[in-house]
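This report refers to the structure that appears directly beneath it.
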Amino acid sequence: MIESGTLFIVATPIGNLEDITHRALRTLAEVDLVAAEDTRHSQKLLQHYSISTRLISLHDHNEAQRSKQLIEKLSQGETIALISDAGTPLISDPGYGFVSQCRLAGIKVVPLPGPCAAITALCAAGLATDKFKFAGFLPVKAVAKQQAIQNLLSETMTTVFYESPRRVVDTLELMRNELGADREVVLAKELTKTFETFYSGTTQACLDWLKEDANHQRGEFVLMVAGEKPSQTNISAEALGLLKLLMKELPLKKAAALTAEQYGLKKNQLYQVGLEL
Ligand code: SAM
């Protein structure tokens with residue numbers, strides 16, 4: 001039995017329909033209403049499991065107004081499950097406004113854990129997982145995107161991005177240009193599906209792999225960038241001296257690039273050292 005007046009946040013499969021918990025199926029069957037990003041899409045999932053609960057839409061364009069309506073229902077004791085097209089709702093998906101308003105209204109919100117593309121990709125990528133940063137989708141606008149990528153120059157944690165197949169080549173090109181050709185990247189594609197693929201390599205190797213076959217660019221991607229290793233061990237005192245001197249007169253990026261050129265070092269590493277200095 002589920003408690004009346006509760007909102008359940010239910011994770012659904014990201015490809016393989018078997019990736020749904022017993023608890024998720026029981027909850028979807030028992031609630032009064034399922035709020036879904038795309039009702040037609042989610043109807044197929046419910047049908048697959050012979051669940052006949054009524055669906056109602058909640059997406060980016062109606063979230064504010066729909067939230068009020070659903071909070072009223074919850075306040076009257078109805079039970080609602082929130083799902084998205086795939087994976088965990090609110091994770092680069094609608095629902096944040098709704099959940100925060102439910103909390104403010106004192107409504108009980110219960111999460112049901114399940115698939116999330118970021119975590120699924122990360123746990124098999126072979127990159128450091130002790131700490132990581134989930135960065136969602138990169139900005140679409142060129143300047144903001146470049147800035148977001150430049151921020152990775154000093155990022156020591158693994159960073160996880162969602163990426164569209166239409167932009168993945170452009171993103172890798174920008175990463176190669178801004179972070180250098182040898183920063184380690186992992187592409188996780190079509191997770192849990194028939195053509196699930198992990199490709200690990202440098203920014204340049206990943207770019208080459210994407211370009212060598214149009215099929216490599218199709219599907220859904222999680223893009224992970226290894227953290228920059230903060231190490232000063234191979235930097236001589238002279239190189240450090242020059243970096244410090246140049247940093248007084250120039251932006252750090254330029255100072256790091258000039259020092260790198262002079263001493264045959266990696267500009268990302270010098271950039272990182274500059275930040276530490
Ligand atoms: N809420 C979802 C979650 O928990 O993962 C993410 C929704 S977001 C709108 C969709 C993005 O997630 C896709 O563009 C892709 O980057 C990633 N994604 C979703 N399913 C995936 C899959 N099966 N394989 C790889 N990436 C996937």
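All values derive from a computational prediction rather than experimental measurement. Numbering of ligands and ligand atoms starts at 1, following listing order.
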Taking both backbone and side-chain atoms of [X], is any N or O found less than 3.5 Å from an N or O belonging to ligand 1?
{"X": "Phe221", "value": "yes"}
{"X": "Glu163", "value": "yes"}
{"X": "Thr88", "value": "yes"}
{"X": "Ala188", "value": "no"}
{"X": "Ala117", "value": "yes"}
{"X": "Ile14", "value": "yes"}

Closer than 4.0 angstrom: is that true for some heavy atom of [X] and an atom of ligand 1?
{"X": "Asp93", "result": "yes"}
{"X": "Ala86", "result": "yes"}
{"X": "Phe137", "result": "yes"}

Determine all donor-acceptor pairs shorter than 3.5 Å in which one atom belongs to a side chain in residues 109-131; sequence neighbours excluded.
residue: Thr120; atom: OG1; partner: Cys116; partner atom: O; Å: 2.7

Query - Leu187 side chain near Leu210 side chain, heavy-atom distance below 4.5 Å - result: yes
At a 4.0 Å threshold, what atoms of ligand 1 neighbour a non-hydrogen atom of [X]?
{"X": "Ile91", "answer": "1 (N), 2 (C), 6 (C), 7 (C)"}
{"X": "Gly87", "answer": "3 (C), 4 (O)"}
{"X": "Lys193", "answer": "23 (N)"}

Just checking, is any N or O donor in the side chain of [X] or [Y] under 3.5 Å from an acceptor N or O on the other one?
{"X": "Ser154", "Y": "Gln272", "value": "no"}
{"X": "Thr259", "Y": "Lys267", "value": "no"}
{"X": "Glu228", "Y": "Gln269", "value": "no"}
{"X": "Asn16", "Y": "Thr192", "value": "no"}
{"X": "Thr203", "Y": "Asp182", "value": "no"}
{"X": "Arg66", "Y": "Gln69", "value": "yes"}
{"X": "Gln204", "Y": "Asp208", "value": "yes"}

Identity and distance of the protein heavy atom lying nearest [atom]:
{"atom": "atom 17 (C) of ligand 1", "value": "Tyr162 CD2, 3.7 Å"}
{"atom": "atom 25 (C) of ligand 1", "value": "Glu220 O, 3.2 Å"}
{"atom": "atom 8 (S) of ligand 1", "value": "Ser92 O, 3.6 Å"}
{"atom": "atom 22 (C) of ligand 1", "value": "Leu191 N, 3.6 Å"}

Requested in this report: From the options Thr39, Asp38, Asn62, select the one residue that forms a side chain to side chain donor-acceptor pair (under 3.5 Å) with Ser57.
Outcome: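 Going through Thr39, Asp38, Asn62 one by one, the side chain to side chain donor-acceptor pair (under 3.5 Å) with Ser57 is satisfied by Asn62 alone.
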Report summary line: So for Glu196 against ligand 1, with non-hydrogen atoms under 4.0 Å, the contacting part is neither
Query - Connected via hydrophobic side-chain network under 4.5 Å: Tyr263 and Leu252 - result: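 Yes.
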